[in-house]
Amino acid sequence: MTESPVDPRVSPEPDGPDPDWPVRIVRRIRHAMEELVRMPEPVSQAELQDACAAREPLTAWDASLTNSGAVRAWTNLGWNLTTNVEHAGWLHATRDGFRATVEGRTALSEHQDPQDFFQTSVDAYYKWDTLRKAALEPAEQRSAAVTHGGSGFVHASSACAPVLAAWRGGDSALSPGLEAWGSTSGRSLRDFLVAEPTPDAIMRGLASDTARVLAAEMWVLLVGPLSDMIGSTKRSRVRGSLLRTDELPPGLPWEMSAHLEQGFVHAGQGLIATPWLMLSSFAHLLVHWHEQPSDVREALWDDPWAFRDLAGAAPGVDPRVAALLCVVVHPQSFTTVLRSADREAIVTALGAEADALSGDVEKDLKAITLRLQAEAGGAAVRYDQAPLLQAWSDADGGRAWLVRGEVDQQNRVPTWVRQGIVSITVGKLTQLPKEPSQKSLGDLVDEHYGDLQVVKREAKKRDVLSFALGMSEGDLVATVDGGALRLGVVQDEPARLQSIGGMTLLTRAVTWYPDLAPEVKALPGSIRTRVRFKGEDVLDLTDLAGALAELRPEDEEAERPDDLDDLDGLESTTVVDSDETKDQPVTVEPAALACDEEALATRLHHADSSWIAELLVSLNERRQVVLEGPPGTGKTFLVQALIDACELTDTQWSIVQFHPTYSYEDFVEGFRPVTKGDEAGQLTVMPGPLKRLAEEAEKVPSKPYVLVIDEINRANIAKVFGELYFLLEYRNRPVELLYSAGEQFTLPPNLFIIGTMNTADRSIALLDAAMRRRFVFLSMGSEEPALAGMLHRWCATTGRPTALADLRDRLNAEMAKRGLDPALAFGPSYFMRDGVETPAALDRLWRRELRPMLVEHHYGKHQQVDAWYPFPAWARDLGLDGLIETPIGEAGADAQ
């Protein structure tokens, strides 16, 4: 064996102090593959590491830690397996484990030398990486065919082509000769999904290996065309079906894997978040397909309308899945609009210029599409993007838009209002086309943002198209300026590419209402939740247009500068010097929470600032803190005081209350009904408070954002947090959320989480060990030196009798004497109320709050509570005269 390749992507430390390190790298990779070939079940990462260590013991260098704290040998092995070897098609790696493939076993036989085996996998990776990024041009299509332009269509078609051929022939694209697309495997898969409508990712319980191969190939057709799902998620869907098989499964060919990186159909989260519905629908359709005579099935490949009718008539098939398969099988006849209601709306809105409508929505939509293509010089038509989207979707009374102004670590809104504009960042664009259109602008984004993932590039395209083509004269524009809402009106001027303050921006002329700036927190909930936390740069708020319009004063005119081009700092241009548009490195100081610790401690009546200082250090180091203590210690009040002291705006923090029925869907994201016009509510994936605030924080990394979780232990923590357990410990590692398939989500470092926990509540479980590892726990009990004597200091500061503090101390001392847990002690806030020192108020405090809890704490001995705790007598002894004493007998009756 000779010299190993020096490839920084392959070996994080190729020139480390151990000269034999590269040799062990390639040897360990081969050992891992040999072990995987021998193992009949998916293997966890830990099991594979143990097997490799037995064959190739770790040296001191191998066992040393990288900068991230991981073992060097295992970091290197994992990277090579999941990058080079996996993309060569030699193994499947998912969160459920590793599994070698048939092709991997063959590669071991053909490449006996570890160095040769390794280098072949590296070469395969480079070919895969080149192909997945390639900009492929579609072949010229017939004039009577629906056009799906762009590289994404070519990639998706290339990924699907071998699977479609296998379907037509009843064969298999992944395991040629296997009757994967036969009726038996179709029924096996359908029956399994009927019995298990929401199985796990690797479909435990599906015994048929042939049905598993079928599921994998179905996934290629279902997710391959999608532009709003990233390639890694598509591949994981395919591999998950193949992970559990009796024999070694087939691999995912590197060409097919690469083509899955791009797509052309915007499916929407409502469909993407229901993967098993998609797969079950396809299985039902295939069973129905095989129930047809062979000559009918063969004719369906040539007759798009017959295929449409069969897919629509198959029982158990979601109409969106049927529409998706129609465009996959017959792309020249169908558009990418998957919802039938949307197709009908398009025909209604855009069919006026058609010579004659047939009444068949899909055929009429094809005719409309061909007309629009001809008008655009043969370019593809996208109904899900501006301006066509606005042409057919509901817009009674005009449209409304939200444009985010607090981005790129600054607030642009004051500049917008002063200069009479609104803008979005387009730093990679150097000029606009002479005649902006859906095609020309879309091509421009594809060209200049080609390095972005498809999902992010498509999102950028939607922003640019909505901003440049979707906004029309008279539309309302809303944005958030600190804690205030600003409203303006779009003017009849085209979008312009401009350099402002060293940034390249796309701008529109807007007249702003000068004195209209209501606080966001005072707005109706329907408006507040939409304008505060949505992550898009340009968001269509047409469904709120009426509510936003009502905010405008009747006698106020919107204003804008008389001469936009003469304003200081604004350069209007159609071509921007490329030197001005280059991304400049920006150093962002880590966001931290800071305040006047002494002043806050004084406000909270602490003995000194030591406890506040420890809280801030814990937050800035760990980002996650839980404040725990007995009831009445002022946990929530302290958090709100901290936020005020740190001068966080209303948009920089949010509070949620956990309770036993609180769920992941409430906290992170889940389906919610969204009403569109007069239609019934449609289910769509909506972000919860955590995701909304995380997206907000990610936009402004230099500012701290705080999520407060009140009573964090009252919910089922594992159920509420889900995969976020991982993110709480590894913030720099992305995960795929449950409902947002295809979206990589991280917790930004400038998002702080503060939980409060009542240690006296025994009706709920305490936080488990996994959660305790992820949070710093700070006690707010009176045993904390800085917090001891808080009530005495409050009394002295506010002029109340210090006897109130003595009364509370006597009560807690007696509780401890009677064997009650210190966690049940009464906190000072019970007594820190205006007027509590009056006899009537103190009497109510005893009878309505303190005494009932003591009765509960001494359950079974509650008749003795008044004898053990003579609260009225104590009050008189301490000079708090006039307290009304409740007769013991009467109180006992009350308690029962």
*Asks:* Thinking salt bridges, do R371 and E375 make one under a 4.0 Å N-O criterion?
*Replies:*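 Salt bridge between R371 and E375, a charged N being under 4.0 Å from a carboxylate O: yes.
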
*Asks:* Once you measure the plane-to-plane angle for W276 and W219, does it fall in the parallel (<30°), tilted (30-60°) or perpendicular (>60°) bin?
*Replies:*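 Rings of W276 and W219: perpendicular, over 60°.
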
*Asks:* Quick one: does any side-chain atom of R212 pair with a main-chain N or O of S241 as donor and acceptor, under 3.5 Å?
*Replies:*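 Here the side-chain-to-backbone pair exists.
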
*Asks:* Between P250 and V213, is any pair of side-chain heavy atoms under 4.5 Å apart?
*Replies:* yes

*Asks:* In terms of side-chain geometry, is the basic nitrogen of E86 or R239 positioned less than 4.0 Å from the acidic oxygen of its partner?
*Replies:* yes

*Asks:* Say whether, by atom type as modelled, one donor and one acceptor occur between the side chain of R343 and the main chain of V337 under 3.5 angstrom.
*Replies:*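 Judged by distance alone, yes, a pair lies under 3.5 Å.
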
*Asks:* Does the side chain of L174 come within less than 4.5 Å of P253's, by heavy atoms?
*Replies:*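 Side-chain contact under 4.5 Å: yes.
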
*Asks:* Would you check if L189 and M218 make a side-chain contact, meaning some heavy-atom pair closer than 4.5 Å?
*Replies:* yes

*Asks:* Looking only at atom types and distance, does a side-chain atom of R320 sit under 3.5 Å from a main-chain N or O of L338, one as donor and one as acceptor?
*Replies:*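 No: the side chain of R320 does not pair with the backbone of L338.
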
*Asks:* Does a side-chain heavy-atom distance below 4.5 Å link E298 with R168?
*Replies:*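 Result yes, sub-4.5 Å side-chain heavy-atom pair found.
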
*Asks:* Determine, for R462 against D228, whether the closest basic-nitrogen to carboxylate-oxygen distance falls under 4.0 angstrom.
*Replies:* no

*Asks:* Is there side-chain contact between L136 and H259, with heavy atoms separated by less than 4.5 Å?
*Replies:*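 Side-chain contact under 4.5 Å: yes.
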
